[in-house]
There are 2 protein chains.
Amino acid sequence: MNFKHLYYFWMAARTGGMIRAGQRIHITPQTLSGQIKVLEARLGCQLFERAGRNVQLTEAGHVAAGYAEEIFLLGEELEGALKNYAKASRNDDMRARSVATARAD
Amino acid sequence: MNFKHLYYFWMAARTGGMIRAGQRIHITPQTLSGQIKVLEARLGCQLFERAGRNVQLTEAGHVAAGYAEEIFLLGEELEGALKNYAKASRNDDMRARSVATARAD
DNA sequence: TTATGTTACGCTTGACGTAAACATA
DNA sequence: TATGTTTACGTCAAGCGTAACATAA
């Protein structure tokens, strides 16, 4: 499972298109289209289908988008949770001096 | 959040060492050590600390490992869930013939 | 001695990302 | 005119091999 590809897919699904997704995460539509194709090939099923000049999620795509949502929200939570520890370990002296004072910062 | 780095960290945490983790996922210990260091730098906190000739999780490391566990289990679930759809889209004829018969397969 | 982890260096490879052209609505 | 796709191409980070070093059983 390539999580970078999954992220591209998720952004495309959320924004409803390659161009809008690309603007949001600063990636060109060609790249998004290509990388999502790679993801589809690895998973063995189609996630998007053309709908006029736009794309829309297939049934499998909806399932994948749901999981992706959970996964990337957890990723954000992880980063948020570790920010507390990040302060404490900014330099090693702090731990030696006192754990309590690190909190005052 | 680089999920590849997180995966390396998670494997090292699960197996309790760089060498064991490396054997399991076919990555050299140098690479694991280095890539995990990159992860720590990005997160801004230490995840492992030396414990004798081995490494062990810091408090932050335990938190991160918990999230990583959830994330990668979800990833596996996702792949499993899409295997059903994978059959259906193996060739496009099936959809044209019938959605119901695809299930019997 | 032996086992583990860390750091460093040069090198190769594959994934990433772009630009340009194309297809379609 | 706006969107998505395909192709060809350059770039860069990932990972390896090798080696040296530190630490601890």
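Here the structure is a predicted model, which is why all the values come from computation and not from measurement. Letters A, B, ... mirror the listed sequences (proteins, then strands); counts begin at 1.
Atom CD in B:Gln23 sits roughly 10 Å away from atom P in C:dG5 (whole-Å rounding). With rounding to whole Å, B:His26 atom NE2 is found 17 Å from D:dA14 atom C1'. Atom NE2 in A:His5 sits about 11 Å away from atom C1' in C:dG14, given to the nearest Å. Following rounding to the nearest Å, A:Lys37 (NZ) and C:dC16 (C1') show an atom-to-atom distance of 17 Å. Taking atom CD1 on A:Ile25 and atom C1' on C:dG17, their separation rounds to 12 Å, with Å as the unit. Rounded to whole Å, the distance from NZ on A:Lys4 to C1' on C:dG14 is 13 Å. Spacing between atom CZ of B:Phe48 and atom P of C:dT4 amounts to 15 Å, rounded to whole angstrom units. As rounded to whole Å, 14 Å separates atom P of D:dT5 from atom CG of A:Leu39.
Between C:dT2, D:dG4, D:dG15, one nucleotide has an atom nearer to the side chain of B:Arg53 than all others, and that is C:dT2. Distance from the side chain of A:Ile27 is smallest to C:dT18 among C:dG5, D:dT18, C:dT18.
For the pair B:Ile71 and A:Glu77, the minimum side-chain heavy-atom distance is 4.5 Å or more.
Within 4.0 Å (heavy atoms only), B:Gly34 reaches no atom of the nucleic acid at all.
Between B:Thr31 and D:dC16 there is a side-chain N or O to OP1 or OP2 distance below 4.0 Å. Remark: B:Gln30 is not in phosphate contact with C:dT7, judged by side-chain N or O atoms under 4.0 Å from OP1 or OP2. Between D:dT5 and A:Ser33, a contact under 4.0 Å exists linking OP1 or OP2 to a side-chain N or O. The side chain of B:Thr28 contributes no N or O atom lying less than 4.0 Å from OP1 or OP2 of D:dG15. Distances shown here put every side-chain N or O of A:Tyr8 at or beyond 4.0 Å from the OP1 or OP2 atom of C:dA15. At the phosphate of C:dA25, neither OP1 nor OP2 sits under 4.0 Å from any side-chain N or O atom of A:Asn54.
Checked by atom type and distance alone, the side chain of A:Glu40 pairs as donor or acceptor with a backbone atom of A:Phe48 at under 3.5 Å.
The minimum heavy-atom distance between A:Leu32 and A:Met18, with the atom names listed, is CD1-O, 3.2 Å.
Of the residues listed (B:Val55, B:Leu57, B:Thr58), the one engaging B:Glu49 in a side chain to side chain contact (heavy atoms under 4.5 Å, CB included) is B:Thr58, and it is the only one.
Relative orientation of the A:Phe72 and A:Trp10 rings is parallel, given thresholds of 30° and 60° on the angle between their planes.
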